[in-house]
Amino acid sequence: MSRRVVVTGTGIVSPIGNTIDEFWNSLKTERVGIAPITRFDNTDYKVKLAAQINDFEADKYLDNKEVKRMELFSRYAVAAAAQAVEEAGLDLENEDPWRIGVSVGCGIGSLQILEEAHTKLTQKGPRRIPPLLVPLMISNMAAGNVGIHFGFKGKCINVVTACATGTHSIGEAFRSIQCGDADVMIAGGTEASISPLGISGFAALKALTTAEDPLRASIPFDKDRSGFVMGEGSGVVVLESLEHAQARGAKILAEVGGYGATCDAYHITSPDEEGAGAAKAMELTMQEAGLSTGEVQYINAHGTSTPYNDLFETRAVKKAFGKDAYNLNINSTKSMTGHMLGAAGAAEFIVCVKTIMEGYIHGIAGFNEAEGEMDLNYTKKGINREVTAAISNSLGFGGHNGSILVRKF
């Protein structure tokens with residue numbers, strides 16, 4: 001049994017908007033959500049910028065008791081899930097909770113509670129460790145809290161594949177519905193790692209940019225790119241079997257056509273230099289969708305703004321699409337949101353859904369000029385174009401590649 005899977009709801013918490021409408025309008029106007037870090041004193045840090053969320057109101061979605069029992073990454077996830085469930089029009093009183101599952105991943109969990117607990121441990125000893133340290137810290141609690149908040153009793157999983165987490169979480173939810181494990185899956189990713197450890201850890205890897213101009217910091221595919229900007233937030237979607245969605249009269253936003261997942265088996269942080277793993281993931285998703293390379297119009301690239309990622313991803317697109325690579329519009333939402341890590345793929349999947357619905361492909365904010373073999377059609381300014389098939393790519397530390405194809409329903 002392989003059932004068709006459709007998208008009926010979307011939800012977002014991001015540096016450029018905490019509702020779908022605000023998020024989409026920000027993308028169309030190329031509003032950059034990057035600014036100087038204010039979460040902690042970064043005087044001694046070379047990295048000065050991040051894409052923070054400064055206007056999130058948890059009490060719109062959670063009561064005081066829930067807020068105290070969740071760290072920021074979980075709050076973001078529940079808020080995005082609430083938006084998605086509302087847009088989908090799911091009447092939970094008339095649904096079988098055992099047939100609704102959750103696949104919401106988080107790459108890291110809470111570094112903030114870990115930092116606080118370590119300070120208490122070293123300064124005041126083990127008896128001062130908060131009793132909820134572990135359940136507040138561990139990354140599966142985003143999925144767990146979504147399930148608890150809504151009473152979803154089906155499969156509840158947390159896929160952790162670093163920066164590919166959001167994409168794999170939606171892909172595995174897609175598979176779960178295809179094979180009949182669930183009728184509905186609440187799927188996506190979340191992250192909140194703008195903290196001293198998060199920034200200093202990625203900075204030590206030389207992965208983060210030290211640029212200080214917010215408009216020229218996250219510039220995927222640009223010849224002056226110098227590293228990614230840390231972002232945060234959550235993207236969540238409601239996926240349903242086509243039969244289930246039609247039976248309840250749901251508005252169908254788009255269809256999930258295919259999913260490809262591979263491993264570079266190459267290096268713990270660098271993608272495969274020739275892009276073979278990422279190319280294979282794209283090939284698998286097109287193969288499953290039954291589409292040729294000429295039938296895809298748009299790729300939302302992983303596009304992190306690091307020198308290696310953008311070059312190697314370009315090679316991967318050329319390897320997967322051949323001469324049709326030059327007919328694609330390619331962009332990177334990270335030019336405005338920064339890199340939302342475990343949430344990135346989910347937010348970018350939502351961008352693909354909106355692109356298909358609206359017939360509009362957003363530009364790459366701050367992009368001026370590419371270089372050398374990076375000669376594809378990187379979308380400098382937003383354009384109107386009918387899109388019937390779009391691919392969202394994610395590549396994660398460890399060699400994890402994920403591609404999902406979204407198609408017009």
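For the numbers below, each heavy atom of this structure counts, side chains included, while hydrogens, waters and symmetry mates do not. All figures in this text were calculated on a predicted structure; none of them were measured in a lab.
- A 6.0 Å sphere centred on NZ of K155 holds more than 12 heavy atoms belonging to other residues, nucleotides or ligands.
- Around atom CZ of R128, no more than 12 heavy atoms belonging to other residues, nucleotides or ligands sit under 6.0 Å away.
- Taking the side chain as every heavy atom from C-beta outward, V256 and L405 never approach each other to under 4.5 Å.
- Heavy-atom neighbours of Q246 CD from other residues, nucleotides or ligands within 6.0 Å: above the threshold of 12.
- At a cut-off of 3.5 Å, with distance as the only test, a side-chain donor of T388 or Q297 sits close to an acceptor on the other residue.
- Inspection of the N368 and D224 side chains reveals no N or O donor paired with an N or O acceptor under 3.5 Å.
- Residue pairs meeting the salt bridge (charged side-chain N to carboxylate O under 4.0 Å, His left out) criterion with at least one member in residues 326-349, sequence neighbours excluded, are K334-E348.
- Within the 4.5 Å cutoff, the side chain of T190 has no heavy atoms near those of the M340 side chain.
- How far CZ of R69 is from CG of N64: 13.0 Å, rounded to the nearest 0.5 Å.
- Here R4 pairs with E255 in a salt bridge; the nearest charged N to carboxylate O distance falls below 4.0 Å.
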Does the side-chain contact (heavy atoms from CB on, under 4.5 Å) test come out yes or no for R75 and N145, once each step is laid out?
-> CA-CA 8 Å; R75 295 175 207 159; N145 277 310; over 6 Å; no
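- Residues R31 and S26 bring a donor and an acceptor atom of their side chains to less than 3.5 Å of each other.
- Pairs engaging residues 191-207 under the side-chain hydrogen bond (donor to acceptor under 3.5 Å, both in side chains) rule: E115-S195 [sequence neighbours left out].
- In this model, a donor atom of one side chain and an acceptor atom of the other lie less than 3.5 Å apart for S403 and N393.
- Of the possible donor and acceptor atoms, one in the side chain of S332 sits under 3.5 Å from a partner among the backbone N and O of G303.
- In this structure, a donor-acceptor pair under 3.5 Å is absent between the side chains of S305 and S218.
- In the model, H362 has a side-chain atom that pairs as donor or acceptor with a side-chain atom of T333 under 3.5 Å.
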So T379 and N329, side-chain hydrogen bond (donor to acceptor under 3.5 Å, both in side chains) or not? Walk me through it.
-> CA-CA 6 Å; T379 311; N329 273 94; 3.1 Å; yes
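- For the residue pair T269 / Y308, no side-chain donor-acceptor distance below 3.5 Å is found, with atom types taken as modelled.
- H400 places no side-chain N or O within donor-acceptor distance of the main-chain N or O of L395, the cut-off being under 3.5 Å.
- E288 and T285 are not linked by any side-chain donor-acceptor pair at a separation below 3.5 angstrom, with hydrogens and angles left out of the test.
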From CA spacing to verdict: salt bridge (Lys or Arg N to Asp or Glu O under 4.0 Å), E232, R39 = CA-CA 12 Å; E232 62 178 346; R39 293 281 169 82; 2.6 Å; yes
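- Checked for salt-bridge contact, E371 and R225 meet the test: a charged N lies under 4.0 Å from a carboxylate O.
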Evaluate salt bridge (Lys or Arg N to Asp or Glu O under 4.0 Å) for R216 paired with D222, printing each intermediate quantity in order.
-> CA-CA 10 Å; R216 290 288 292 166; D222 192 280; 3.2 Å; yes
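- Nearest heavy atom pair, residue M282 against residue A320, reads CB-CB, 4.1 Å.
- The backbone N or O of S241 lies less than 3.5 Å from no partner atom in the side chain of R3, so there is not a single donor-acceptor pair.
- Counting heavy atoms from C-beta on, the side chains of E283 and T293 never come closer than 4.5 Å.
- A salt bridge links K318 with D375: the distance from a Lys NZ or Arg NE/NH1/NH2 to an Asp or Glu carboxylate oxygen falls below 4.0 Å.
- Y360 is not listed as a side-chain neighbour of K354, based on a closest heavy-atom distance of 4.5 Å or more.
- Nearest heavy-atom pair across A182 and G101 is CB-N, 4.4 Å.
- In this structure, OG1 on T10 lies 3.5 Å from CD on E87, to the nearest 0.5 angstrom.
- Formation of a donor-acceptor pair under 3.5 Å by the S74 side chain with backbone atoms of M70 is not found in this model.
- In this structure, a donor-acceptor pair under 3.5 Å is present between the side chains of H244 and E95.
- Side-chain polar atoms of E172 and H168 form no donor-acceptor pair below 3.5 angstrom.
- In this structure, R407 contributes its side chain and I356 its backbone to no donor-acceptor pair below 3.5 Å.
- The minimum heavy-atom distance linking A207 with T306 is given by the pair O-CG2, 3.8 Å.
- Checked options I391, D324, L376; the residue passing with V317 is L376 (criterion: side-chain contact (heavy atoms from CB on, under 4.5 Å)).
- Side-chain N/O atoms of S139 and N158 include a donor and acceptor closer than 3.5 Å.
- Side chain to side chain, T38 and Q52 meet the donor-acceptor criterion of an N or O pair below 3.5 Å.
- Side-chain contact annotation: D55 with N18, donor-acceptor N/O pair under 3.5 Å present.
- Here the side chains of M141 and E71 are not in contact, with every heavy-atom distance at 4.5 Å or above.
- A side-chain donor from one of Y298 and N331 sits under 3.5 Å from a side-chain acceptor of the other.
- Between F221 and F367, the ring center distance fails the sub-6.0 Å criterion.
- Closest non-hydrogen pair, A346 versus G235, comes out as CB-O, 3.2 Å.
- Looking at P97 and F152, their side chains never come closer than 4.5 Å, going by heavy atoms from C-beta outward.
- Contact annotation: the side chain of I113 approaches that of L133 to within less than 4.5 Å [non-hydrogen atoms, C-beta and beyond].
- Taking the six-membered ring for Trp and the full ring otherwise, the centers of Y326 and F321 sit at least 6.0 Å from each other.
- With I199 as the fixed residue, the side-chain contact (heavy atoms from CB on, under 4.5 Å) test singles out one of N42, I37, L49: I37.
- Contact check for T119 versus E116: no side-chain heavy atoms found under the 4.5 Å cut-off.
- A donor atom on one side chain and an acceptor atom on the other are found under 3.5 Å apart for H149 and E66.
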